[in-house]
2 protein chains.
Amino acid sequence: MNWKERFPQFEPGLIELIEKEAVQRSFNAGDVIMRTGQYIKSTALVLEGRVKIYRENQDGGEFLMYYLLPGQACAVSMICAIQTHTSEVMAVAEEDSEVLMIPVHLMDDMMNQYKTWYQFVIQTYRNRFDELLSVVDNIAFRNMDERLEFYLKRYAEKTGKKSMDISHQQIADDLNSSREVISRLLKKMEQRNLVKLHRNMIELT
Amino acid sequence: MNWKERFPQFEPGLIELIEKEAVQRSFNAGDVIMRTGQYIKSTALVLEGRVKIYRENQDGGEFLMYYLLPGQACAVSMICAIQTHTSEVMAVAEEDSEVLMIPVHLMDDMMNQYKTWYQFVIQTYRNRFDELLSVVDNIAFRNMDERLEFYLKRYAEKTGKKSMDISHQQIADDLNSSREVISRLLKKMEQRNLVKLHRNMIELT
DNA sequence: TTCCGGGGGTGACAGAAATCACAGCGGGTA
DNA sequence: TACCCGCTGTGATTTCTGTCACCCCCGGAA
């Protein structure tokens with residue numbers, strides 16, 4: 001699939017510029033696309049696959065904030081590009097993914113010259129901001145059992161799948177919890193007929 | 001103080017437009033400037049005082065996200081203005097405050113016509129996004145004792161004061177915790193010589 | 001002065017979650 | 001086949017936090 005079909009709203013001049021200056025990169029499932037603290041040279045637009053954005057702390061803890069789907073962009077890379085120049089988050093490919101990398105030095109001109117780009121950036125800020133607000137809701141107001149349900153439900157929404165190939169340990173990492181807690185909560189959910197548990201796979205019902 | 005001195009970066013045409021269309025409003029300490037779910041008619045720029053932005057949940061819980069100081073604006077009111085049309089947060093004046101209200105129907109034109117406004121909006125998104133990231137850090141990775149320390153330290157930074165006129169109950173509300181927990185943690189901080197406790201007042205040392 | 005309500009201290013307890021310990025199971029590899 | 005390692009289940013224990021009960025203290029109002 002051609003990348004342009006992911007961004008039909010872009011105007012011709014912008015498409016031409018991106019065509020000339022941007023680089024398309026492929027990542028395998030599990031690859032780290034961007035590390036916390038890494039110098040940011042490009043803004044990333046997702047073309048195919050699915051990317052998870054994590055917040056990390058010093059002690060090796062990590063916390064899944066949200067997903068990026070095809071047609072979406074990393075708001076953080078747009079922000080960091082101009083402010084701090086190093087990434088505040090980690091981006092990981094959850095599936096094999098295609099990503100379009102646009103050098104940050106072009107951002108200013110693109111914002112000024114191409115209205116469709118400007119609208120895209122504003123829209124990206126808005127969507128990610130909204131998403132961050134619901135992340136705050138979850139960790140500020142909800143217990144782990146509700147956060148786990150939200151986690152599974154969101155996965156189903158984002159992927160359209162009703163089964164998840166994932167270990168309890170990975171879920172615990174995403175929620176910054178521990179494997180035992182997640183196992184126990186999943187068992188309770190199974191007793192309530194919300195899920196069926198298998199090895200390395202969870203069926204959502 | 002004239003409002004223009006708070007926004008020296010604005011260009012003449014923009015100042016003229018704001019002068020003509022915006023309304024300046026005064027709030028007393030404790031006044032609610034905007035409620036969750038309220039229809040948004042204006043974008044708010046803070047001229048004087050200090051405004052606290054809260055996220056609320058259905059059960060009456062609230063959670064302080066960040067402060068707005070003079071010269072800053074509510075990113076949420078910019079976002080909601082166009083997307084959902086109702087506020088996702090609550091804004092409360094912590095001190096007597098002056099706020100400039102700009103009707104949202106002007107936003108589109110202002111973004112297009114006035115580069116200094118556009119830059120201001122982008123900058124606002126960035127700052128609030130960064131602030132939200134550190135909020136996520138705190139509640140995702142830190143225990144209540146560290147969150148309390150962050151809360152006090154941030155207050156000192158934002159106000160430049162080294163004493164806080166506030167009850168333990170109000171702190172508990174801001175952190176979505178309970179009065180007893182905050183009292184106990186403050187006592188421990190006092191034993192470590194980080195604070196001195198008084199009635200309705202905390203001295204930061 | 002007395003009364004009363006809000007602020008603050010403290011112990012007892014309950015529930016959520018993290019941690020430790022250990023056992024069974026399954027799938028891949030030597 | 002035998003082995004190993006990662007995934008899962010489960011009990012015991014501890015820590016953190018929220019909740020309940022009850023106390024005293026202060027300051028303003030009557």
Side-chain angles (χ1 to χ4, degrees), chain A residues 29-30 57-64 136-152 155 163-204, chain B residues 29-30 56-64 137-152 155 163-204:
Chain A
N57 74 346
Q58 305 82 337
D59 321 328
E62 60 189 46
F63 176 82
L64 174 62
V136 168
D137 277 358
N138 273 288
I139 48 183
F141 298 125
R142 312 262 179 233
N143 287 340
M144 195 56 75
D145 54 350
E146 292 179 290
R147 288 175 52 196
L148 177 59
E149 285 189 42
F150 175 84
Y151 175 88
L152 298 174
Y155 179 89
S163 80
M164 243 183 126
D165 296 320
I166 194 168
S167 73
H168 298 183
Q169 184 62 61
Q170 286 171 270
I171 297 177
D173 291 344
D174 284 357
L175 292 171
N176 194 46
S177 176
S178 71
R179 200 260 317 159
E180 296 92 323
V181 171
I182 299 301
S183 284
R184 277 191 265 261
L185 292 176
L186 282 171
K187 259 286 168 259
K188 280 186 201 164
M189 288 182 68
E190 191 174 39
Q191 284 158 12
R192 290 162 56 209
N193 281 320
L194 297 175
V195 296
K196 262 189 200 161
L197 302 180
H198 311 270
R199 187 187 176 79
N200 267 318
M201 195 262 273
I202 297 174
E203 206 176 322
L204 312 169
Chain B
E56 293 181 294
N57 75 344
Q58 304 83 337
D59 321 328
E62 60 189 49
F63 176 82
L64 174 62
D137 278 357
N138 273 287
I139 48 182
F141 298 126
R142 312 265 179 229
N143 288 340
M144 195 55 76
D145 55 349
E146 290 179 291
R147 287 175 53 196
L148 177 59
E149 285 190 43
F150 175 84
Y151 175 89
L152 298 174
Y155 179 89
S163 80
M164 242 184 128
D165 296 320
I166 194 168
S167 73
H168 298 183
Q169 184 62 60
Q170 285 172 270
I171 297 177
D173 291 343
D174 284 356
L175 293 172
N176 194 45
S177 176
S178 70
R179 200 256 319 160
E180 296 92 323
V181 171
I182 300 302
S183 284
R184 278 191 264 261
L185 293 177
L186 282 171
K187 261 282 167 263
K188 279 187 202 164
M189 288 182 68
E190 191 174 38
Q191 284 159 12
R192 290 161 57 208
N193 280 323
L194 298 176
V195 295
K196 262 188 200 158
L197 302 181
H198 312 270
R199 186 186 176 80
N200 265 318
M201 196 263 273
I202 298 174
E203 206 176 323
L204 312 171

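Chain A is the first sequence line, chain B the second, and so forth, proteins listed ahead of strands; every chain is numbered from 1.
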(message) Testing the basics here: between A/Ser167 and A/Asn200, what is the closest heavy-atom pair and its distance to 0.1 Å?
(response) CB-OD1, 3.5 Å
(message) Under the rule for side-chain hydrogen bond (donor to acceptor under 3.5 Å, both in side chains), what residues qualify as partners of A/Lys196, not counting sequence neighbours?
(response) none
(message) Show the nearest heavy-atom pair for residues B/Asp165 and B/Met201, with the distance to one decimal.
(response) OD1-CG, 3.2 Å
(request) Answer whether the closest heavy-atom distance between the side chains of B/Arg184 and B/Lys188 falls below 4.5 Å. (result) no
(request) Measure the spacing between CG of B/Leu175 and CZ of B/Phe63 and express it to the nearest 0.5 Å. (result) 7.0 Å
(message) By the definition side chain to side chain contact (heavy atoms under 4.5 Å, CB included), identify the one residue from B/Val181, B/Asp173, B/Asp174 that meets it with B/Ser177.
(response) B/Val181
(message) For a 4.5 angstrom cut-off between non-hydrogen side-chain atoms, does A/Tyr155 reach A/Ile166?
(response) no
(message) Keeping B/Asn176 on the side-chain end and A/Ala140 on the backbone end, is there a donor-acceptor pair under 3.5 Å?
(response) yes
(request) May I ask you to decide if A/Phe141's main-chain N or O and B/Asn57's side chain share a donor-acceptor pair within less than 3.5 Å? (result) no
(message) So if I take residues 193-203 of chain B and measure heavy-atom distances to DNA chain C, which residues fall below 4.0 Å?
(response) B/His198, B/Arg199, B/Asn200
(message) Tell me the closest heavy-atom pair linking B/Ala172 and B/Ser178, and the distance in Å.
(response) CB-C, 3.4 Å
(message) So if I take residues 168-191 of chain B and measure heavy-atom distances to DNA chain D, which residues fall below 4.0 Å?
(response) B/Asn176, B/Ser177, B/Ser178, B/Glu180, B/Val181, B/Arg184
(message) My understanding is that only residues two or more places apart in sequence, or in another chain, count here; which of them pass side-chain contact (heavy atoms from CB on, under 4.5 Å) with A/Leu197?
(response) A/Leu186, A/Lys187, A/Glu190, A/Val195, A/Ile202
(message) When you compare the side chain of B/Met144 with that of B/Leu148, does any pair of heavy atoms fall below 4.5 Å?
(response) no
(request) Specify the residues of residues 139-146 of chain A, ordered by number, for which at least one heavy atom lies under 4.0 angstrom from an atom of DNA chain C. (result) A/Asn143, A/Met144
(message) Distance under 4.0 Å to a non-hydrogen atom of chain A counts as contact; along DNA chain D, which nucleotides mark the start and end?
(response) D/dG6 to D/dA12
